[in-house]
Amino acid sequence: MSARLINKIAMLILWLTGFFIIALLCVFLGYILYKGVPVLSVHFIFGKSSDILAGGGVGAQLFNSFYMLFLSLLISVPVALGAGIYLAEYARNNVVTKIIRLSTESLATVPSIVLGLFGMIVFVNMAGLGFSILSGTFTLVLLNLPLLVRVTEESIKLVPQAYREASLAIGATKWQTIYKVVLPSALAGIITGIILTAGRALGETAILIFTAGTTVSRYMFDTDVMAAGETLAVHLWYLMSVGLVPDRGLIADGIGALLIIMILLFNLVLTIPLRIIQKRMGIIK
Amino acid sequence: MEKDFNHQRKLIYDRYVRYLFIACAALMTIIIFSIIFFVGKQGLMTFHDVSPIEFFLTDKWNPSINKYGALSFILGSVAVTMLAIVIGTPLGLLGAVFMSKIAPRKLRNIMRPAVDLYVAIPSVVYGYIGLTVLIPLVRNLFDVNMGYGIFVTAVILSVMILPTIISISEDALDGVPKPLEEASLALGATYWQTLYKVVVPAAAPGILTAVVLAMARAVGETMAVQMVIGNTPLLPKSLFTPTATLTSDIVIEMGNTPFGSPWGNALFLMALVLLVVSLLMILLIKRISARRYA
């Protein structure tokens, strides 16, 4: 075979791979939405789940998912901002910085089931919080932190050096420069990162089974942080592996569609305006 | 005078927020060490009751008669990870080459968010698709009884690791200096020869990093694996017989084990194995990236 023919075949294969990757995603998302969207109704989305009978909803689980996500971001965002600012603005190239960077990267690769078991030892048993929304929240913080630190650091590093120099040159302190010049410029990037992290945390399961538990409070929309906190994703897993309700296939289809709709919302709808802002500001190309 | 006082206060703020930031950053280190400490302590307690040889080298897992041989789980994890890498790496690498070097700008702008969406899909949803679509398909296609097992798990995992391989390899390929490419083309090489013999080898350290990170993700993946592996603590006879992995068995059994019992501790030891493996992979990546020059 001539080199030119091989070249043609190779190009064809590369194009096919590219289209395969997009097509696979479309089939995947399309299938879940096709199966699940007909199940969605007001009763399903906001109704109470049932242990034995058919026709249960997922209202409490949906509430728990967002409630825990919100609480965990409340803790992890400030800490991650601090750590990200330190790594981007203050850190010198020394041993301490290397250790902190290595820790953050390690934390990002720790399997989520291991984080879940850590949460079970420390929050559920040692701190005596039991299987509760609070235990789940604290464990979720561990998952969010490394991702948030990384996006904060990257967003801050994208801010042009000249901005800082201009601010320092007119006599601002370093903190004033960070607070009034660097952070506002990096804000769109940081918020995008927070939204993407939130989307990830929303679908997380392994970390929550042994910390937030697989049951929900008897009361709907219970904001008590000591109540059990089964989330949507956990409920999907629980139904398929131990569930007893006769219509579990249908409910699982519905949860799948709900999760995918929320992911699409988080990843596309909410982040696109932020990317446009970043482009206008000249932060990203 | 008043102005001067204000200035002093600003300087003090400036100093203290710095300490606050250092504290936040140091928290990362504290967290990772406490994870190692607590999971390690709980896991290593297993060795009061079970010898390391029994745990790592035998495959008899029967907690009701105090047999804690985890070999079948360890081999299960290794097998699904390796097979997922074998399927996922070529696909991901071709995709990365396409995105980085061939795709027109517009197509590229569509593919980037598409790849991110692969990451965002929850792992239970991957597992659910495996359970409801792939397993019946495999049953019909290969004429096997159950369909649960290493093959279906590896296929699902290979899709799940695709975004890791694509995005990191793509960064590495983007980083290859243009003159290398131009020199090769100027010598009369076809574009494919240039990609195959110049561009991809130049990006090799980055691609290797991508593969190692993908392995870390595959080893630690829990929910999707648990839903399609079959959950039987036996060495698999074929790619289509039910077996178990470290992660899937922890999820299945942790719920009904008393905290602190030898059984529970053995599960924590399995988590410790996963933790050590993922930490070793991070160190390996550090070694790889220290050598890259592209």
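Throughout, protein chains are lettered first and strands after them, A, B, ... in sequence-line order, and every chain is numbered starting at 1. Small disclaimer: the values here were computed from a predicted structure and weren't measured.
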Please classify the contact between [X] and chain A as side chain, backbone, both or neither, with a heavy-atom cut-off of under 4.5 Å.
{"X": "B:E221", "answer": "neither"}
{"X": "B:F38", "answer": "both"}
{"X": "B:L283", "answer": "side chain"}
{"X": "B:V17", "answer": "side chain"}
{"X": "B:L272", "answer": "neither"}
{"X": "B:M99", "answer": "neither"}
{"X": "B:V277", "answer": "neither"}
{"X": "B:I30", "answer": "neither"}
{"X": "B:Y118", "answer": "both"}
{"X": "B:I252", "answer": "neither"}

Tell me whether [X] contacts the main-chain N or O of [Y] through its side chain, where contact means a donor paired with an acceptor under 3.5 Å.
{"X": "B:N231", "Y": "B:Q226", "answer": "yes"}
{"X": "B:K101", "Y": "B:Y191", "answer": "no"}
{"X": "A:R200", "Y": "B:A120", "answer": "no"}
{"X": "A:Q176", "Y": "A:T173", "answer": "yes"}
{"X": "B:S261", "Y": "B:P258", "answer": "yes"}
{"X": "A:S76", "Y": "A:V141", "answer": "no"}

[X], part contacting chain B, at a heavy-atom distance under 4.5 Å:
{"X": "A:L142", "result": "side chain"}
{"X": "A:I85", "result": "side chain"}
{"X": "A:V110", "result": "both"}
{"X": "A:I100", "result": "both"}
{"X": "A:Y179", "result": "neither"}
{"X": "A:N267", "result": "side chain"}
{"X": "A:L29", "result": "side chain"}
{"X": "A:L115", "result": "side chain"}
{"X": "A:V124", "result": "neither"}

Return the option, out of [options], with the maximum number of heavy-atom pairs under 4.5 Å with chain B.
{"options": "A:G256, A:G199, A:A3", "result": "A:A3"}
{"options": "A:T214, A:T97, A:I32, A:L87", "result": "A:I32"}
{"options": "A:I13, A:T109, A:L25", "result": "A:L25"}
{"options": "A:T17, A:V79, A:I121", "result": "A:I121"}
{"options": "A:A252, A:S112, A:P78, A:G84", "result": "A:A252"}
{"options": "A:S103, A:A91, A:G203", "result": "A:S103"}

Open item on the list: Would B:Y128 and A:D253 count as a side-chain hydrogen bond (donor to acceptor under 3.5 Å, both in side chains) here? Give the steps.
Closed with: CA-CA 9 Å; B:Y128 185 59; A:D253 285 340; 2.5 Å; yes
TODO: Mind running side-chain hydrogen bond (donor to acceptor under 3.5 Å, both in side chains) on A:N144 and A:T197 for me, showing each step along the way?
DONE: CA-CA 6 Å; A:N144 294 343; A:T197 307; over 6 Å; no
Open item on the list: Quick one, A:S167 with A:T177, criterion side-chain hydrogen bond (donor to acceptor under 3.5 Å, both in side chains). Give me CA distance, side-chain angles, the key distance, then yes/no.
Closed with: CA-CA 6 Å; A:S167 167; A:T177 304; 2.9 Å; yes
Open item on the list: For a quick check under 3.5 Å, do B:S184 and B:T194 share a side-chain donor-acceptor pair by atom type?
Closed with: yes
Flag the one option from [options] with the top tally of heavy-atom pairs under 4.5 Å to chain A.
{"options": "B:L162, B:T29, B:I110", "answer": "B:T29"}
{"options": "B:I250, B:V159, B:T247, B:L20", "answer": "B:I250"}
{"options": "B:Y13, B:Y196, B:F268", "answer": "B:F268"}
{"options": "B:L195, B:L279, B:I121", "answer": "B:I121"}
{"options": "B:S34, B:S123, B:G260", "answer": "B:S34"}
{"options": "B:V219, B:L91, B:T132, B:L27", "answer": "B:L91"}

TODO: Determine, for A:E153 against A:R101, whether the closest basic-nitrogen to carboxylate-oxygen distance falls under 4.0 angstrom.
DONE: yes
Task: Salt-bridge criterion met for B:E170 and B:R112 (N-O under 4.0 Å) - done: yes
- [ ] Give the intermediate values and the outcome of salt bridge (charged side-chain N to carboxylate O under 4.0 Å, His left out) for residues B:K286 and A:E105.
- [x] CA-CA 10 Å; B:K286 287 270 162 188; A:E105 283 166 37; 3.5 Å; yes
TODO: Kindly confirm or rule out a cation-pi arrangement of A:K174 over A:Y90, judged by NZ or CZ under 6.0 Å from the six-membered ring centre and within 45° of its axis?
DONE: yes
Task: Side-chain touch B:I87/B:L157, heavy atoms, less than 4.5 angstrom - done: no
Task: Closest contact, heavy atoms only, A:A233 versus A:T205 - done: CB-OG1, 3.4 Å
Task: A:N7 and B:Q193: CA distance, side-chain angles, deciding distance, side-chain hydrogen bond (donor to acceptor under 3.5 Å, both in side chains) verdict - done: CA-CA 7 Å; A:N7 187 46; B:Q193 285 171 326; over 6 Å; no
TODO: Starting from the C-alpha separation in whole Å, work towards a yes-or-no answer on ring-ring contact (aromatic ring centres under 6.0 Å, His included) for A:F131 and A:F210.
DONE: CA-CA 7 Å; A:F131 293 132; A:F210 303 117; 7.5 Å; no
